[in-house]
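Worksheet for the structure shown next.
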Amino acid sequence: MKLKKMASELKETLHFIVSLEFWRMAIFWTISLIASYFELYFQNMFGRSSHPYPHCFPPTSGIARPLCVITGATSGLGEAAAYALSREGFFVVLAGRSSKLLSKTVERINKQNRDAQVKAFEVDLTSFQSIIKFKGSLEKWLLDSDMHSSIQLLINNAGILATSQRLTTEGYDEMMVTNYVGLFSLTKLLLPLLRNSPIESRIVNVTSFTHRSVFNVQVDKETVSGKCFSTYKFYPYAHIYEYSKLCILLFSYELHRQLRLMDESCHVSVNAADPGVVKTNIMREVPFCLSSVAFIVLKLLGLLQLPDNGVSSILDAALAPPETSAVYFFGGKGRILKSSALSRDISLAEKLWTTSCDIFENLKLNSKEKRQFS
């Protein structure tokens with residue numbers, strides 16, 4: 001029985017190794033990561049970078065404690081961010097798919113920080129109905145708790161690397177929905193609570209250096225929803241992951257512009273955070289022996305971080321001065337980079353915004369119809 005299992009694992013590993021997507025990850029992603037660190041190095045060498053952004057703690061006039069919502073908060077970077085921000089005085093709302101894991105995370109945070117104020121909610125970003133339910137539950141809890149009906153910080157951290165295709169109930173690609181469409185939908189639904197804040201509020205979208213591996217891109221409903229990938233002979237998981245992270249950056253910059261168009265004095269800022277390579281369970285669908293080798297090599301190169309260190313770029317983006325917006329944080333220590341030229345293409349960002357809004361409206365309509373007939 002054990003030999004049979006080993007043979008099956010070996011077959012799976014060999015199948016993985018001979019795929020083009022694996023070599024794309026191994027080569028393109030490594031180059032993108034090293035290029036990012038080289039850029040940081042040259043900025044420091046030639047003094048082209050501005051001074052690192054300091055941490056600035058939000059005022060609390062009009063609220064008892066600033067409220068932070070974190071998705072993907074049951075492990076890794078999400079849990080590390082939740083713990084760190086609870087230490088900074090935030091009331092932290094954990095959002096995750098598993099009630100069991102959420103309970104354990106709350107327990108761990110309370111054990112580490114006795115002054116922590118933490119609340120957990122179940123939400124599945126692949127389900128629009130679940131996102132709507134989460135918004136309703138959050139608003140009701142704020143009302144019942146006699147708290148200000150607002151959010152001061154939203155950290156969109158949830159993300160997956162799926163190596164095989166799975167579809168949502170709408171027929172969308174699960175990785176695209178988890179990494180981008182769900183993020184967009186949640187942000188749109190929670191935006192009124194962020195705008196209602198009596199003090200400055202902020203959105204932090206967690207992205208990745210892998211976005212630099214995208215050199216040309218299509219922006220249409222079929223691609224953004226991931227529907228088009230179901231026609232591929234082999235699931236292009238590396239391409240989809242990179243594409244989803246590029247979409248996050250395009251969305252972050254365009255949301256910043258849209259908010260300023262709506263109201264020049266808008267006090268909602270939007271930043272992107274790239275943690276680099278962090279040892280989390282995001283590689284769980286990659287054969288264990290391959291992910292282990294990758295982590296060993298990256299550790300030897302000094303590029304692998306544990307969540308407690310890797311979370312620093314997220315905290316930098318979250319706690320930067322209030323006027324800081326549309327900035328890409330990378331490498332911790334308050335340091336920033338320019339993301340790829342493609343991610344800063346305004347016409348592409350506008351097209352993605354329009355397409356994402358159309359998908360959002362379709363999801364809203366379908367969800368309404370489901371509720372009517374249920």
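Source: prediction; values computed, not measured. Hydrogens, waters and symmetry mates play no part in the numbers below; they use all other heavy atoms, side chains included.
Between Lys245 and Thr207 the shortest heavy-atom distance is O-OG1, 2.9 Å. Heavy atoms only, all atoms of each residue included: Val214 and Leu342 are closest at O-CD2, 3.6 Å. Taking both residues in full, the closest heavy atoms of Val270 and Ser252 are given as CG1-O, 3.6 Å, listed atom of the first, atom of the second, then distance. Nearest heavy atom pair, residue Ile131 against residue Ser185, reads CD1-CB, 4.2 Å. Shown here for Ser213 and Arg24, the closest heavy-atom pair between the two residues is O-NH2, 2.9 Å. Nearest heavy atoms, Ala273 versus Val204: CB-CG1, 4.0 Å.
Note: the hydrophobic cluster containing Leu101 does not contain Val93 (ILVMFWY, side chain heavy atoms under 4.5 Å, direct or indirect links). Leu304 and Tyr37 fall within a single hydrophobic cluster, where Ile, Leu, Val, Met, Phe, Trp and Tyr are joined by side-chain heavy atoms under 4.5 Å apart, directly or via other members. Leu337 and Phe42 end up in the same hydrophobic cluster when Ile, Leu, Val, Met, Phe, Trp and Tyr side chains are linked at under 4.5 Å. Both Met262 and Trp353 are members of a single hydrophobic cluster when ILVMFWY side chains are connected at heavy-atom separations under 4.5 Å. The cluster map of Ile, Leu, Val, Met, Phe, Trp and Tyr, joined by side-chain heavy atoms under 4.5 Å apart, puts Leu261 and Ile203 in different clusters.
In this structure a side-chain-to-backbone donor-acceptor pair under 3.5 Å is missing from Ser197 to Leu194. Judged by distance alone, with hydrogens and angles left aside, the side-chain atoms of Asn157 form a donor-acceptor pair with the main-chain N or O of Gly72 at under 3.5 Å. Side chain of Gln43 to main chain of Ile336: a donor-acceptor pair is present (N/O by atom type, distance under 3.5 Å, no hydrogens or angles). Under a 3.5 Å cut-off, the side chain of Glu285 and the backbone N or O of Thr163 do form a donor-acceptor pair. No donor-acceptor distance shorter than 3.5 angstrom exists from the side chain of Thr178 to the backbone of Met175, with no hydrogens or angles considered. Without hydrogens or angle criteria, Asp316 side chain to Lys333 main chain gives a donor-acceptor distance under 3.5 Å. Judged purely by atom type and a 3.5 angstrom limit, Tyr243 uses its side chain to pair as donor or acceptor with the backbone of Gln218. A distance-only check finds no donor-acceptor pair linking the side chain of Asn196 to the backbone of Pro192 [under 3.5 Å]. Although no hydrogens or angles enter the test, the distance criterion places no donor-acceptor pair under 3.5 Å between the side chain of Arg257 and the main chain of Glu350. Side-chain atoms of Asn281 do not come within 3.5 Å of backbone N or O of Arg284 as any donor-acceptor pair.
Scanning for salt bridge (charged side-chain N to carboxylate O under 4.0 Å, His left out) contacts around Asp115 gives an empty result, with sequence neighbours left out. A search for side-chain contact (heavy atoms from CB on, under 4.5 Å) contacts involving Ile282 returns Leu161, Tyr241, Thr280, not counting sequence neighbours. Applying the salt bridge (charged side-chain N to carboxylate O under 4.0 Å, His left out) test to Glu21 and every residue at least two apart in sequence or in another chain returns nothing. In this structure, the ring pair (Phe, Tyr, Trp, His ring centres under 6.0 Å) partners of Phe251, at least two apart in sequence or on a different chain, are Phe184.
Applying the ring-ring contact (aromatic ring centres under 6.0 Å, His included) definition to pairs two or more places apart or across chains, those involving residues 196-222 are His211-Tyr328. Pairs passing the ring-ring contact (aromatic ring centres under 6.0 Å, His included) check and including a residue from residues 64-101, sequence neighbours excluded, read Phe91-Trp141.
A heavy-atom distance below 4.5 Å is found between the side chains of Ser149 and Leu193. Put simply, the side chain of Val181 reaches to within 4.5 Å of the side chain of Leu363, judged on heavy atoms. Counting only heavy atoms from C-beta outward, the side chains of Phe128 and Ile359 never approach each other to under 4.5 Å. With contacts defined as side-chain heavy-atom distances shorter than 4.5 Å, the pair Thr71/Val123 does not qualify. Contact annotation: the side chain of Asp345 never approaches that of Val217 to less than 4.5 Å [non-hydrogen atoms, C-beta and beyond].
Taking CG from Leu303 and CD1 from Ile34, the interatomic distance works out to 6.5 Å, rounded to the nearest 0.5 Å. Distance check: Ser208 OG to Phe330 CZ gives 9.0 Å after rounding to the nearest 0.5 Å. Separating the CG atom in Leu85 from the CG atom in Leu315 is a distance of 5.5 Å, to the nearest 0.5 Å. Here Arg202 contributes atom CZ and Leu153 contributes atom CG; the two are 8.0 Å apart, rounded to the nearest 0.5 Å. Here NZ of Lys338 is found 8.5 Å from CD of Glu39. Values are rounded to the nearest 0.5 Å. Here CG of Leu348 is found 7.0 Å from CG of Leu246. Values are rounded to the nearest 0.5 Å.
For Asp144, the CG atom sits in a packed shell: over 12 heavy atoms of surrounding residues, nucleotides or ligands are nearer than 6.0 Å. More than 12 heavy atoms of other residues, nucleotides or ligands shown are found within 6.0 angstrom of NE2 on His55. The local environment of CG in Leu20 is sparse, with at most 12 non-hydrogen atoms from other residues, nucleotides or ligands closer than 6.0 Å. Other residues, nucleotides and ligands contribute at most 12 non-hydrogen atoms within 6.0 Å of the CD1 atom of Ile346. Residue-environment remark: CZ (Phe295) exceeds the threshold of 12 foreign heavy atoms within 6.0 Å.
Evaluated for a side chain to side chain donor-acceptor pair (under 3.5 Å) with Arg65, the options His148, Gln117, Gln152 yield exactly one hit, Gln117.
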Criterion side-chain contact (heavy atoms from CB on, under 4.5 Å) on Ser130 and Arg97, from CA distance to verdict: CA-CA 10 Å; Ser130 178; Arg97 295 177 66 169; over 6 Å; no
Val206 and Ile314: CA distance, side-chain angles, deciding distance, side-chain contact (heavy atoms from CB on, under 4.5 Å) verdict: CA-CA 7 Å; Val206 180; Ile314 297 175; 3.8 Å; yes
Ser325/Arg260 under side-chain contact (heavy atoms from CB on, under 4.5 Å): CA gap, chis, key distance, verdict: CA-CA 11 Å; Ser325 193; Arg260 299 307 174 276; 3.8 Å; yes
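Tyr180 has its ring centre no less than 6.0 Å from the ring centre of Tyr172.
Remark: the Ser343 side chain and the Ser339 side chain contain an N/O donor-acceptor pair separated by less than 3.5 Å. Side-chain contact annotation: Asn156 with Thr187, donor-acceptor N/O pair under 3.5 Å present. A donor and an acceptor atom, one from each side chain of Ser340 and Arg212, are nowhere located under 3.5 Å apart. In the model, Glu242 has no side-chain atom that pairs as donor or acceptor with a side-chain atom of Thr210 under 3.5 Å. Side chain to side chain, Thr168 and Thr126 fail the donor-acceptor criterion of an N or O pair below 3.5 Å.
Between Lys364 and Glu361 there is a salt bridge, since a side-chain N of the basic residue sits under 4.0 Å from a carboxylate O of the acidic one.
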